[in-house]
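Worth knowing before you read on, the calculation uses all heavy atoms, side chains too, and leaves out hydrogens, waters and symmetry mates. Since this is a predicted model, take the numbers as computed values, not measurements. Letters A, B, ... mirror the listed sequences (proteins, then strands); counts begin at 1.
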Amino acid sequence: MTDPEPAFRDRVLALVARIPAGRVVTYGQLATLAGQPGAARQAGFVLNSLVGGSELPWQRVINAQGRVSTHKLGFGDLQEGLLRTEGIEFDASGRCDLARWQWWPEDSAQGQAAPPTPLL
DNA sequence: ACGATGACCATAT
DNA sequence: TATATGGCCATCG
């Protein structure tokens with residue numbers, strides 16, 4: 001293990017790739033699932049390096065407040081728009097209900113929010 | 001080696 | 001509910 005640990009980056013990306021459409025995960029959650037609890041900022045750092053030219057659903061990663069954290073980078077509207085296209089609902093303040101849309105891998109049966117088709 | 005920075009998080013006011 | 005503050009951990013100049 002003398003290497004820095006490219007595993008963390010790979011694990012984060014692998015997790016992002018597994019997020020189903022219409023669901024979201026938080027940075028802290030990604031870090032925890034990747035084996036580095038508390039390293040939420042690093043999870044964001046990893047995503048920052050892959051934006052623009054990735055097949056991964058990077059837009060499904062938001063912060064613990066239920067808001068997109070890319071507004072200052074310029075594509076906040078894009079991210080929120082993509083999520084809305086997938087069925088996620090945001091309120092006027094650009095916030096969504098994590099208890100409702102947050103996704104957890106089957107391995108770690110945690111939250112299991114409501115189904116992707118709540119009403120309608 | 002050190003200080004500054006960041007797609008963050010939790011708590012307090 | 002919104003802003004302020006401290007803590008976190010890896011990267012970079």
How long is the straight-line distance from CD1 of A/I62 back to CD1 of A/I88, given to the nearest 0.5 Å? 6.5 Å

Please write out each protein N/O paired with an N/O of nucleotides 4-7 of chain B under 3.5 Å, distance rounded to 0.1 Å.
| unit_1 | atom_1 | unit_2 | atom_2 | d |
| --- | --- | --- | --- | --- |
| B/dG6 | N9 | A/R41 | NH2 | 3.0 |
| B/dG6 | N7 | A/R41 | NH2 | 3.0 |
| B/dG6 | N2 | A/Q42 | OE1 | 2.7 |
| B/dA7 | O4' | A/S69 | O | 2.9 |
| B/dA7 | O3' | A/S69 | OG | 3.2 |
| B/dA7 | N7 | A/N48 | N | 3.2 |
| B/dA7 | N6 | A/L47 | O | 3.2 |
| B/dA7 | N3 | A/Y27 | OH | 2.7 |

Enumerate the ring-ring contact (aromatic ring centres under 6.0 Å, His included) contacts for residues 38-64 of chain A, please, sequence neighbours excluded, ordered by first and then second residue. A/W58-A/F75

When you compare the side chains of A/R9 and A/S49, does any donor N or O come within less than 3.5 Å of an acceptor on the partner? yes

Atom-pair distance (CZ on A/F8; P on C/dA10), nearest Å: 8 Å

Could you pick out which residue, A/G38 or A/R95, lies toward the 5' side of DNA chain C when each is mapped onto its nearest nucleotide? A/R95

Once you apply a heavy-atom cut-off of 4.0 Å, does A/R67 come out as touching a base, just sugar-phosphate, or nothing? nothing

Side chains of A/Q102 and A/Q29 only: does a donor on one sit below 3.5 Å from an acceptor on the other? yes

Ignoring hydrogens and geometry beyond distance, is a side-chain donor-acceptor pair present between A/E80 and A/Q59 at under 3.5 Å? no

